[in-house]
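When reading the values below, keep in mind they use all heavy atoms of this one structure, side chains included, and skip hydrogens, waters and symmetry mates. From a predicted model like this one, the values you see are computed outputs, not experimental measurements.
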Amino acid sequence: MGVQIQEYATPISVPPARVFKAMSIDIHNLFPKIVDIIESVELSEGTGEAGTIKKLNIIEGGKPKYVLHRVDEIDEAKFVYNFSITGGTGLAETLEKVSFKSQLVETPNGGTIRNVHVDYFTKGDYVVTEEELKAGQAKVEGLVKLCEGFLLANPDY
């Protein structure tokens with residue numbers, strides 16, 4: 001097994017507390033409403049704290065798939081939400097798991113920078129390509145921008 005690391009930062013024009021609530025605390029309720037490919041999010045184990053397992057049911061390429069999302073750490077005071085995709089039919093066969101460490105940092109203008117550190121745990125000697133890394137980042141940043149758009153359109157959320 002190998003590990004490949006990716007880091008990036010995404011600017012968001014919404015304060016960290018609102019982003020954290022939407023993307024960390026209320027993901028199981030919000031994402032099926034705003035992300036077309038996510039049909040539902042089920043809590044398989046736990047109630048949201050570290051150790052919770054969420055099953056994200058998705059439609060990708062017209063086919064039903066799912067991924068298992070394990071909450072590794074959650075700290076509302078520091079806006080830290082770390083999780084791993086640990087299995088499911090939506091996880092590439094070349095990967096054991098993918099772990100995300102994210103922290104939201106407030107910017108001087110009242111927005112947020114979402115700092116992300118990703119560890120791709122590969123099977124065997126597989127090496128994640130640059131194209132795969134860029135595609136993974138684009139998916140995550142797309143989710144962030146969908147969330148940002150929802151929050152801007154719904155200031156009372």
| request: For a side chain to side chain contact (heavy atoms under 4.5 Å, CB included) with H117, tell me which candidate from Q103, K101, Q6 qualifies. | output: K101

| query | Out of K54, K55, H28, which residue meets the side chain to side chain contact (heavy atoms under 4.5 Å, CB included) rule with H69? | reply | K54

Give a yes or no on this: more than 12 heavy atoms of other residues, nucleotides or ligands lie within 6.0 Å of atom [atom1] of [X].
X	atom1	value
K134	NZ	no
N109	CG	yes
K123	NZ	yes

In Å, rounded to the nearest 0.5 Å, how long is the span from [atom1] of [X] to [atom2] of [Y]?
X	Y	atom1	atom2	value
L133	Q137	CG	CD	8.5 Å
S40	N29	OG	CG	11.5 Å
L56	S44	CG	OG	9.5 Å
N115	I113	CG	CD1	7.0 Å
Y120	Y126	OH	OH	11.0 Å
F20	F79	CZ	CZ	7.5 Å

Is a side-chain donor or acceptor of [X] paired with a backbone partner of [Y] at a separation under 3.5 angstrom?
X	Y	answer
T122	G2	yes
R114	P11	no
Q4	V128	yes
E49	T47	yes
N82	S102	yes

| said: If only side-chain N and O atoms count, and only distance matters, is there a donor-acceptor pair under 3.5 Å linking E42 with N57? | reply: yes

| field | Any donor-acceptor N or O pair under 3.5 Å, side chains D26, Y157 | value | yes

| request: Apply side-chain contact (heavy atoms from CB on, under 4.5 Å) to the pair V98 and D119, showing each step before the final yes or no. | output: CA-CA 6 Å; V98 182; D119 290 314; over 6 Å; no

| request: Could you walk me through whether V116 and E7 pass the side-chain contact (heavy atoms from CB on, under 4.5 Å) test, one step at a time? | output: CA-CA 6 Å; V116 178; E7 294 183 333; over 6 Å; no

